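Just so you know, these numbers come straight off a predicted model, no measurement behind them. Counting convention: from 1, in listed order, for ligands and their atoms alike.
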Amino acid sequence: MTDAKDWWRSAVIYQVYIRSFADGTGTGVGDIRGLRSRLPYLRELGVDALWITPWYPSPMLDGGYDVADYRDIAREFGTLADAEQLISDAHRHGMRIIIDIVPNHTSDRHVWFQAALEAGPGSPERARYVFRPGRGDDGSLPPNNWQSTFGGPAWTRVTEADGQPGEWYLHLFDSSQPDLEWGNAEVREEFLDILRFWFDRGVDGMRIDVAHGMIKHPELPDLPATDGGELLEPPREGDHPYWDRDDVHEIYRDWRTVADSYDPPRVFVAEAWVDSPYRLAQYVRPGGLHTAFNFDYLRAPWSAAELRKTIDHTLEVFGTVHAPATWVLSNHDVERHVTRYGREQTAALAGSNRPDELGEADEALGTRRARAAILLKLALPGSAYIYQGEELGLPEVLDLPEHALQDPIWKRSGYTKRGRDGCRVPLPWTRYGPSYGFGVDGSWLPQPADWGARSVQAQQDDPASMLALYREALRLRRDFRALGEGQLSWLPDSGAAVLAFERRPGFACVVNLGDRPAELPAHSRVQLTSVPLDDGMLPPDAAAWLAT
Ligand code: GLC
């Protein structure tokens with residue numbers, strides 16, 4: 001592990017969706033023991049840090065993004081002692097640990113929410129959440145027309161102590177995820193304390209869930225009729241009543257002060273679905289957060305012009321605030337990019353993964369593009385994210401049986417949107433076995449029958465595998481001084497179908513997004529290609545790394 005204080009500016013960070021990574025206790029659910037046993041694999045892969053999705057006690061109605069206690073570990077994942085052990089093991093292996101923090105809402109099982117229900121209207125307990133009387137004569141209509149991101153109204157009515165229907169509470173996500181009132185000083189203090197709790201235990205950073213949420217317009221005005229709440233739908237720039245409001249940055253200035261009080265300073269990455277790179281850059285201004293996921297990159301289609309536009313915008317805008325760019329293609333909320341890149345429509349879409357809506361996916365094409373995409377992603381200036389299983393080239397699982405679906409989107413959409421389970425299927429580690437080495441028994445979501453052939457075991461000695469490509473690219477990224485942070489200059493070879501750029505000193509990347517072979521720049525030496533060259537030419541949907 002390098003001691004550099006600014007490691008995060010160029011880190012490759014691997015996202016561990018803990019429920020689906022490795023099951024060390026035979027429960028069918030991934031856990032800390034499983035993750036600890038696979039640290040050597042991650043070290044060998046060559047990543048700098050792990051981001052672990054929420055591991056707190058939770059009813060797991062939204063995969064743990066419904067936190068009941070921010071200072072403990074869910075029994076199904078282990079104990080606080082296991083977490084501390086994991087942090088020190090990871091550090092010993094030279095990897096840092098980033099954990100998820102969920103400040104926009106708690107679980108309805110959180111003691112605060114339980115106390116709010118008991119204490120009744122007007123109480124300080126209710127003032128930690130967003131409770132309001134309903135509209136209409138008898139208060140039977142929700143306080144406004146906001147919709148939950150997962151479908152249905154964003155308000156639920158409670159039954160008061162006298163058995164009568166009473167106030168409504170706001171939940172921008174599932175009804176089991178009541179929104180906190182961030183105008184309340186107690187809420188702010190509590191989260192500063194939670195940050196310290198984990199930083200004191202050696203956690204190196206936090207990924208902030210729904211970082212563009214938290215602050216609501218004080219009057220909670222109705223939304224214009226057409227404005228839904230889709231997870232991936234960026235708010236229109238300006239005065240949206242609950243997304244990306246300017247006052248949210250005040251919270252992060254306080255958080256930054258806490259992070260900076262540690263040695264080494266702790267870091268943040270924001271999950272903020274916002275309207276433009278400009279809005280995103282507001283989160284990473286000096287004195288604010290360190291980094292933010294670049295979802296514009298994930299939303300960009302597989303097109304040279306579109307990718308170049310996104311890359312240029314990102315670098316320009318982040319440059320103005322001296323923050324490093326980040327690059328991300330998949331996560332636990334969107335369709336895996338092997339599948340997405342095999343469709344006609346290659347940009348990430350909101351909510352639904354239904355093949356009948358999105359059209360067929362050509363997996364061979366998607367895989368070919370994903371191989372090129374990792375070389376592009378790792379060659380760009382800044383820090384990069386890898387979602388577990390992308391290094392195995394896993395596709396989205398599109399045919400999970402309906403009875404297995406667990407994402408709250410399925411139910412809240414009236415069983416019309418299958419939700420995000422298809423990218424959360426437990427990883428295959430071995431060719432055979434009840435859950436392909438995920439654990440000793442089954443897995444909480446069923447794995448496809450061909451998962452064994454995609455396992456780590458099946459790929460690790462195959463030089464043509466996706467895993468081998470990731471390992472080699474990550475190894476070279478460490479060796480090439482030009483990679484990581486820094487500048488990018490487009491080469492004259494770049495055009496309507498080809499992306500070609502230089503990273504000085506001595507490196508170039510060429511990606512062919514067109515439909516005919518492309519030439520490589522003269523006087524360069526090929527270091528790594530996503531597919532074999534064809535007569536010295538770069539075939540379509542392929543990428544090459546060059547020493548110049
Ligand atoms: C974030 C998480 C997502 C979760 C939502 C609500 O977008 O990534 O998985 O459902 O927040 O917490």
Side-chain angles (χ1 to χ4, degrees), residues 13 15-21 30 51-56 58-68 70 74 98-110 113 129-130 146-152 154 170-180 182 191 206-214 228-235 242-244 248 268-274 280 283 292-295 298-299 326 328-336 348-353 385 387-388 396 405-413 417-425 445:
I13 300 172
Q15 178 186 356
V16 175
Y17 190 74
I18 188 161
R19 297 197 299 161
S20 303
F21 186 70
W51 149 33
I52 304 170
T53 54
W55 54 6
Y56 312 103
S58 160
M60 301 286 163
L61 295 176
D62 183 23
Y65 284 94
D66 44 334
V67 180
Y70 292 82
I98 294 174
I99 62 170
D100 228 301
I101 185 153
V102 187
N104 180 69
H105 44 265
T106 69
S107 159
D108 60 0
R109 311 277 173 84
H110 192 284
F113 194 72
Y129 292 91
V130 187
W146 297 0
Q147 296 292 298
S148 154
T149 305
F150 294 158
L170 176 69
H171 51 86
L172 292 179
F173 294 89
D174 190 49
S175 55
S176 65
Q177 295 166 299
D179 278 53
L180 285 162
W182 274 85
F191 274 85
M206 296 265 188
R207 175 260 188 196
I208 307 170
D209 187 63
V210 196
H212 58 310
M214 288 134 93
E230 280 277 24
L231 193 60
L232 300 193
E233 197 173 279
Y242 51 85
W243 293 142
D244 191 28
V248 79
F268 295 109
V269 53
E271 184 218 21
W273 297 93
V274 298
L280 193 61
Y283 288 76
F293 295 116
N294 180 357
F295 292 132
L298 172 148
R299 282 189 288 235
T326 67
V328 54
L329 289 172
S330 279
N331 65 31
H332 65 294
D333 290 328
V334 298
E335 188 173 61
R336 282 188 177 274
L349 288 174
S352 161
N353 291 325
Y385 283 82
Y387 176 48
Q388 68 177 38
E396 185 81 2
L405 297 180
Q406 300 204 7
D407 187 344
I409 290 179
W410 175 234
K411 189 163 163 214
R412 290 195 65 87
S413 67
K417 292 183 177 179
R418 294 170 62 88
R420 302 160 292 175
D421 290 319
C423 63
R424 300 173 175 181
V425 174
L445 281 173

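Taking the ring centroids of His212 and Phe295, they lie at or beyond the 6.0 Å cut-off. Ring centers of Tyr385 and Phe293: under 6.0 Å apart, within the cut-off. Phe191 has its ring centre less than 6.0 Å from the ring centre of Trp182.
For ligand 1 and His105, the ligand atoms under 4.0 Å from any heavy atom of the residue are 6 (C), 12 (O). Counting the atoms of ligand 1 from 1 in the order shown, those under 4.0 Å from a heavy atom of His332 are 2 (C), 3 (C), 8 (O), 9 (O). Contact atoms of ligand 1 toward Asp209: 1 (C), 2 (C), 6 (C), 7 (O), 8 (O), 11 (O), 12 (O) (distance under 4.0 Å to a heavy atom of the residue).
Considering Glu271, Arg420, Gln177 only, the shortest heavy-atom separation from atom 7 (O) of ligand 1 involves Glu271. Evaluated by nearest non-hydrogen atom to atom 10 (O) of ligand 1, the leading choice among Asp62, Asp174, Val210, Val334 is Asp62.
Under 4.0 Å from ligand 1, not a single heavy atom of His171 appears. Counting heavy atoms closer than 4.0 Å to ligand 1, residue Tyr17 contributes nothing at all. Residue contacts with ligand 1, taken as heavy atom pairs separated by less than 4.0 Å, involve Arg424 solely via side-chain atoms from C-beta onward.
Between His332 and Trp51, the angle of the ring planes goes over 60°, which puts this pair in the perpendicular group of the 30/60° scheme. Below 30°, between 30° and 60°, or above 60°: for Tyr56 and Tyr70 the angle between ring planes is between 30° and 60°, a tilted geometry.
Using a cut-off of 4.0 Å between Lys/Arg side-chain N and Asp/Glu carboxylate O, Asp62 and Arg412 are scored as not salt-bridged.
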